[in-house]
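Being a predicted model, the structure only gives us computed values, none of them experimental. Lettering follows sequence order; numbering is per chain, from 1.
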Amino acid sequence: MSTNTESWGSRVGLVLAMAGNAVGFGNFLRFPVQAVQNGGGAFIIPYLISFLLLGLPLLMIEWSTGRFGGQFGHHSTPFIMDAMGKRRLWKYVGVFGIFSNVAIASYYCYIESWTMSYIYHSLMGTFNGMDQHEVAAFFSNYLDVTTSTTGIPYEALIFFLLCLALNTWILSRGLSGGVEKVAKIGVPLLIVFGLFLAYRGITLKAGTNGAIYDGTVGLNFLWTPDYTSLANPKVWLAAAGQIFFTLSVGMGSIQCYASYIKKRDDIALNAMAAGWMNEFVEIVLGSAVIIPISIGYLGIDKVIELTGIGGLGLGFRTMPFLFEQWGPILSAIAGVSFFGLLFFAGITSSLAMGTPGMGFLMDEFNWSRKNAALGFGLVIMILGLPTIFFFNQGVFDEYDYWGGTVSLVVFALLESILFSWVFGLKKGWKEINMGADIKIPLVYRFIIKFITPMMLIVVFFGSLVRPVNDDWTGQKIGQWEFHNESIIGQLKHQGIGPNKLWFADAFYSENTGKVDSIFLLRKKHYISVGYRLGDETVNSQNYRYMPLKHTLSIKSGDEVVKGDVLFTGKIINKVFYIDMARLLLMSLFVFIAILVYIAWRKYHQPQKTP
Amino acid sequence: MNTSALILMITVQVSVTALAGWFFYKVLVTKPMVEPDSYSENDDVER
């Protein structure tokens, strides 16, 4: 028998935990960047349409399948899906619902640990007096785990382990005693922090505290509609992609939380309340913090340039410097608020990522809650360490791409097909409406059956064959050029450049330009190659080499073409670490699938008669 | 802010806030089901 006797303490606690699961770093860091890169205010139109046609239906599907599976004592997707479809295959599709959570938690806990560290440094005044480059360099130093400029050796690792220990401890306290309590504190607090920062962002005045523009300039930039972008498939794919990230659908964590709801209790209103609360945090608060503040201080052009390095870069490399302009006390409060809200957004999501795996071990292998939490912590530590030590080699990005992006789309597509076409929408619609405290419009029957799976197919194929420069009209079949970020482009290592071998005797330049400098930084040697434009080096790349192992083939001032040898010697290329990360993720998937098979065999073994 | 940006921002933000607030309010005021329900804090018998 299962040892799983978990339950939710209260309905509000469940809704806040579900909202906390959905609200994550993406609400504050990814959404505004996506909006800026996809037509400003016009992005919101495909975004809201995707929310109504993709997000809400997937929420209904996941809440109802979770509650359905819970009736059979299952709290993780492999056996929830097994209960819904007759074919054995479905339980292996359900493996995605544990795999994604484990893979994402492995790097997500690392980001969460950055926020803990940045709260500490905001309070200690570490950023006071630093210029913009120094604040940005602080983040790079932080990620270079072997060197520390803050006096704490292996600081990134220590904060990661602390963060993981905290997650493990909360998970070991159970749903109502741990996860729900954190959500009841964390979600209201992050809203308060968000309101404070949004107020500061909107009321920012040019000429005060070093601001060059009003906060409304950023809002204007973000909300001015560019309706021409609506005809661009890239914008629609970006909007649909953002809905995935923001609602935490296609992961298996919603099903797990919902599986602890009894058959006749409402899920429809709960799903709406949690989903719309996430949208409030994203659209109202998320749009009013980093863009208005950063444009207020740096201007539109600089912020567009910075969004190229992503929301994480903008949040951690830039925001502490901007807060610094508000004076020592207010900058400490703003730093604690900003990284505090990111921390609460992060921890309420990472706890949700822990519960499906724990539910699986407790249901199918009779593990105690404490042992399951420890098991989760241990697995995340083993998988998370490569993201810390080989961050610059691309391991973190691989986890994010395959575990946190592709598998969500694949799983959501398959679960929507299972729900509407295998389990059957007649039964499915009954499940959604059973015990409902609100009436779901009948049009959603049609949307769930036809529109949502079709949109998911489009999103999947769009990601699979995304063309170079997102130019969907200028491509010809047979001569299709894939974007480096497309699934096929990734599989082909298209973005890797000339260093395609795992091990090599020579390292080739990955860009064209002049050898700008050969320098030593934090005891590491680098070659900088780029174009010189006045005082600035553009399109510059730094390549690390080791003088004891490598012999330089160039000298400072040389002109270099992409593919020219920079140095010779024994070299392990980045592609090796990328492939190892993929191998690790594949092994994780196979390992979970084997556990599912073992658990299934236990159910189906003939009983021995004495 | 220009007019179209202002109209879009206010329309979207007010609608989203109102919907989020209304659904959460409904969760708060809806009477709990007769026991046994899914939530332990309102159980009739102490566990």
*Option that, when pairs with chain B are counted at under 4.5 Å, heavy atom only, ranks first among A:Gly275, A:Ala273, A:Ala288*: A:Ala273
*Hey, which of A:Arg11, A:Lys263, A:Met277, A:Glu279 has the most heavy atom pairs under 4.5 Å with chain B?*
A:Arg11
*Per-residue contact mode, B:Val12 against chain A (heavy atom under 4.5 angstrom)*: side chain
_For B:Pro36, which atoms come within 4.5 Å of any heavy atom of chain A: side chain, backbone, both, or neither?_
both
_Quick check: A:Phe51 with A:Trp276 (ring centres under 6.0 Å apart)?_
yes
Closest contact, heavy atoms only, [X] versus [Y]:
{"X": "A:Asn27", "Y": "A:Val23", "result": "OD1-CA, 3.5 Å"}
{"X": "A:Asp266", "Y": "A:Ala268", "result": "OD1-N, 3.4 Å"}
{"X": "A:Ala274", "Y": "A:Trp63", "result": "CB-CZ2, 4.4 Å"}

*Quick one: OG1 on A:Thr348 to CE on A:Met18, what's the gap to the nearest 0.5 Å?*
13.0 Å
Is there a donor-acceptor pair under 3.5 Å between the side chain of [X] and the backbone N or O of [Y]?
{"X": "A:Asn278", "Y": "A:Ala19", "answer": "no"}
{"X": "B:Asp37", "Y": "A:Asp265", "answer": "no"}
{"X": "A:Glu62", "Y": "A:Ile254", "answer": "no"}

Which atoms of [X] come close to chain B, meaning under 4.5 Å heavy atom to heavy atom: side chain ones, backbone ones, both, or neither?
{"X": "A:Ile44", "result": "side chain"}
{"X": "A:Val15", "result": "side chain"}
{"X": "A:Leu222", "result": "neither"}
{"X": "A:Glu180", "result": "side chain"}

*If contact means a heavy atom pair closer than 4.5 Å, which residues of residues 196-203 of chain A contact chain B?*
none
*Measure up the A:Trp8 and A:Tyr260 rings against each other and bin them: parallel (under 30°), tilted (30 to 60°), perpendicular (over 60°).*
perpendicular
*With the threshold set at 4.0 Å, does a side-chain nitrogen-carboxylate oxygen contact exist between A:Glu6 and A:Arg173?*
no
